[in-house]
Amino acid sequence: DTEVTQTPKHLVMGMTNKKSLKCEQHMGHRAMYWYKQKAKKPPELMFVYSYEKLSINESVPSRFSPECPNSSLLNLHLHALQPEDSALYLCASSQDAQGTYEQYFGPGTRLTVT
Amino acid sequence: QQQVKQSPQSLIVQKGGISIINCAYENTAFDYFPWYQQFPGKGPALLIAIRPDVSEKKEGRFTISFNKSAKQFSLHIMDSQPGDSATYFCAAENSGGYQKVTFGIGTKLQVIP
């Protein structure tokens, strides 16, 4: 099974809401990633988890809060977002976070902030 | 600052033709160069990748050409098909640290019948 699943597929939230994005993989990968992708742009790395520990935070605002409850799950908690945070949020996983391994991407969550 | 420059941003090719996408990089620490394919509504998927110790890699209709001295690499899609219509991202990575993929701007390819 080489699939990364993400829920929900679509999310509309107001600027005062709190919501969470979920990501799951069952490939035994020890690295998981969150990316943000705006329309007609490449994915931008937000966070890297290695062995369930946060290894990289690309200066992401604190209104985005990642969590890795176990090696298969990755969450992204959202609070007090701005309309400019509307984007496709992609989760990915790879065998390890150090070195060069194929990253498997999920289909993404399309987030709209109103 | 765009560390990986990609061109063209859009490309229209006739079915059966050759699609060519070019990329260039500056950072000599990059030592792994993957290409990702993304269909609308999907996440990117690895298509083919190359390391700088080889000048060419071919997988089916997809070929990467790599010129280390010029710091350039390109993707050739032979016998392009309508099903190849997607956005293609070249990318670069440094194997020495945590895995951070530096993407190019992307090329939207349309293959017309």
Side-chain angles (χ1 to χ4, degrees), chain A residues 2-10 21 23-25 27 29-51 53-60 74 87-110, chain B residues 1-11 21 23 25 27 29-54 57 59 64 66 86-110:
Chain A
T2 57
E3 192 180 20
V4 174
T5 58
Q6 290 188 243
T7 55
K9 286 189 175 179
H10 301 275
L21 309 184
C23 173
E24 190 167 6
Q25 57 89 12
M27 293 177 277
H29 289 172
R30 302 318 301 261
M32 296 187 78
Y33 310 79
W34 280 115
Y35 288 86
K36 173 182 177 179
Q37 186 176 27
K38 300 283 266 186
K40 299 184 180 180
K41 297 287 186 184
E44 296 174 39
L45 182 66
M46 300 174 72
F47 302 104
V48 178
Y49 270 84
S50 176
Y51 291 83
K53 287 190 166 63
L54 183 63
S55 301
I56 294 178
N57 175 340
E58 291 286 90
S59 303
V60 178
L74 187 66
L88 181 68
Y89 287 84
L90 294 161
C91 173
S93 71
S94 67
Q95 185 177 328
D96 201 308
Q98 296 198 291
T100 51
Y101 296 94
E102 179 175 354
Q103 289 195 17
Y104 293 81
F105 285 82
T109 293
R110 175 77 57 190
Chain B
Q1 184 185 357
Q2 197 179 345
Q3 291 199 53
V4 178
K5 294 183 179 177
Q6 182 173 349
S7 63
Q9 290 192 37
S10 65
L11 182 60
I21 303 170
C23 289
Y25 64 99
N27 187 348
F30 289 143
D31 57 2
Y32 181 69
F33 302 88
W35 285 85
Y36 285 85
Q37 179 187 54
Q38 186 174 24
F39 293 103
K42 303 283 188 183
L46 180 66
L47 186 64
I48 186 172
I50 197 169
R51 296 188 188 276
D53 51 348
V54 298
K57 183 173 181 180
E59 288 184 5
I64 301 177
F66 190 87
T87 298
Y88 293 80
F89 295 98
C90 63
E93 296 182 41
N94 175 0
S95 63
Y98 281 107
Q99 190 169 11
K100 292 178 66 172
V101 182
T102 300
F103 288 94
I105 195 72
T107 297
K108 186 172 182 179
L109 171 65
Q110 184 180 358

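In what follows, chains are A, B, ... by sequence order, proteins preceding strands, each numbered from 1. Worth saying up front: this structure is predicted, and the values here are computed from it rather than measured.
A heavy-atom distance below 4.5 Å is found between the side chains of Gln37(A) and Gln38(B). The side-chain heavy atoms of Tyr104(A) and Leu46(B), taken from C-beta on, include no pair separated by under 4.5 Å. Side-chain contact between Glu58(A) and Lys100(B): present, with at least one pair of heavy atoms (C-beta onward) separated by less than 4.5 Å.
The candidate with the highest count of non-hydrogen atom pairs below 4.5 Å against chain B, out of Cys91(A), Pro107(A), Gly108(A), Pro42(A), is Pro42(A). In terms of heavy-atom pairs under 4.5 angstrom with chain A, the leader among Pro34(B), Gly41(B), Gly43(B), Pro44(B) is Pro44(B).
Atom CD of residue Gln103(A) and atom OH of residue Tyr36(B) lie 5.0 Å apart, to the nearest 0.5 angstrom. In this structure, OG1 on Thr100(A) lies 13.0 Å from CZ on Phe30(B), to the nearest 0.5 angstrom. Atom NZ in Lys40(A) sits 12.0 Å away from atom CD1 in Ile105(B) (nearest 0.5 Å). To the nearest 0.5 angstrom, Leu45(A) atom CG is 9.0 Å from Phe103(B) atom CZ. Distance check, rounded to the nearest 0.5 Å: CD1 of Ile56(A) to CD of Gln99(B) gives 9.5 Å.
Contact annotation for Phe39(B): neither backbone nor side-chain heavy atoms come within less than 4.5 Å of a heavy atom of chain A. Heavy-atom distances place both the backbone and the side chain of Tyr101(A) under 4.5 Å from chain B. Interface residue Phe89(B): only side-chain heavy atoms are found under 4.5 Å from chain A.
Residues passing the salt bridge (Lys or Arg N to Asp or Glu O under 4.0 Å) test with Glu102(A), sequence neighbours excluded: none.
Environment of NZ in Lys38(A): crowded, with over 12 heavy atoms of neighbouring residues, nucleotides or ligands closer than 6.0 Å.
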